[in-house]
Amino acid sequence: MQPNYTVMTVAVLADEMLKQEINDRGAGPDVRMIWADSLRSLTIIEADVYMDLLFDMDRERISRLQQLLPKPVIVNAVAHTTREIGLDVIRINAWPGMLRRPLVEIVLPENVEENNVATIFNTLQWTYQAVPDVPGMITARVLAMIINEAYYTWGSGVSSREEIDTAMKLGTNYPLGPFEWSERIGVHRVRELLHVLSHIDKRYTPHERLLNS
């Protein structure tokens with residue numbers, strides 16, 4: 001059955017950076033945001049939709065999120081698929097900076113109807129794109145590869161970090177260069193995704209300098 005929200009209450013667990021991105025993005029007039037300060041507080045809030053934007057692949061965390069189902073649960077799980085997580089949660093690409101983009105990437109679990117998800121995002125007034133349930137989705141996978149290639153170029157002594165960033169911005173009209181992206185996103189997040197992807201394709205093997213950053 002498709003949900004019908006008069007006012008949609010969304011409980012969100014986020015750090016200050018992601019909270020600011022959501023506040024800057026805004027939400028529809030029929031949305032009430034409640035900010036949780038811990039996973040425990042997220043799970044005891046009465047809400048229509050739950051967002052865990054600090055998600056990691058921890059068994060205890062997954063067990064606690066399972067208690068919220070069948071209500072919609074949205075998790076910031078860029079590197080890991082819904083099959084790996086083992087729950088019917090909605091994956092979202094909420095790497096730092098991604099929620100500032102006009103289009104939000106999401107992955108729909110097999111047992112969740114897109115009409116229900118569309119209602120949630122229409123109420124939020126967030127435009128979304130459903131993408132395949134693969135590690136990195138689309139944007140994060142592309143960015144991780146670009147960042148890794150930049151580390152290989154820097155490591156070979158071809159150019160400096162600053163010059164590589166400048167060349168990418170001028171040559172591709174990207175808002176940030178690969179090293180600037182890695183600092184914005186967090187090197188540890190890029191490293192994690194590349195590690196997962198490298199098991200699928202060796203081209204994603206992280207450069208030594210990236211591993212030691």
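The chain is numbered in sequence order, starting from 1.
In terms of hydrophobic clustering, with Ile, Leu, Val, Met, Phe, Trp and Tyr side chains grouped at heavy-atom distances under 4.5 Å, Met168 and Leu194 are assigned to a common cluster. Put simply, Met98 and Val196 are part of two different groups of oily side chains (I, L, V, M, F, W, Y) that touch within less than 4.5 Å, one to the next. Tracing side-chain contacts under 4.5 Å through hydrophobic residues (I, L, V, M, F, W, Y), one never reaches Trp95 starting from Met137; they form parts of separate clusters. Grouping the Ile, Leu, Val, Met, Phe, Trp and Tyr side chains by contacts below 4.5 angstrom, directly or via other members, places Val107 with Ile138.
Salt bridge status for Arg184 with Glu180: absent, with no side-chain N to carboxylate O gap under 4.0 Å. Ionic pairing of Glu149 and Arg203 is not present here: no N-O contact between side-chain nitrogen and carboxylate oxygen is shorter than 4.0 angstrom. Under the 4.0 Å criterion applied to side-chain N and carboxylate O atoms, Asp133 and Arg91 are assigned as salt-bridge partners.
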Exercise for the section: Mind running ring pair (Phe, Tyr, Trp, His ring centres under 6.0 Å) on Phe179 and Trp154 for me, showing each step along the way? Expected result: CA-CA 10 Å; Phe179 293 103; Trp154 176 45; 5.6 Å; yes

Handout entry: Verdict with supporting geometry, Val104 and Arg25, side chain to side chain contact (heavy atoms under 4.5 Å, CB included)
Key = CA-CA 11 Å; Val104 177; Arg25 186 183 189 93; 3.3 Å; yes

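Taking CD1 of Ile92 as the start and CD of Glu105 as the end, the distance is 9.5 Å to the nearest 0.5 Å. Once rounded to the nearest 0.5 Å, the distance linking OG of Ser156 with NE2 of His207 reads 7.5 Å. Within the model, atoms CD1 of Ile106 and CD1 of Ile90 stand 6.5 Å from one another, a figure rounded to the nearest 0.5 Å. In this structure, Asn23 CG and Leu99 CG are separated by 11.5 Å, a value rounded to the nearest 0.5 Å.
Checking each of Phe55, Tyr50, Phe121 against Ile74 for a side chain to side chain contact (heavy atoms under 4.5 Å, CB included) leaves exactly one that passes, namely Phe121.
Panel note: side chain Gln20, backbone Met17; no donor-acceptor pair is recorded below 3.5 Å.
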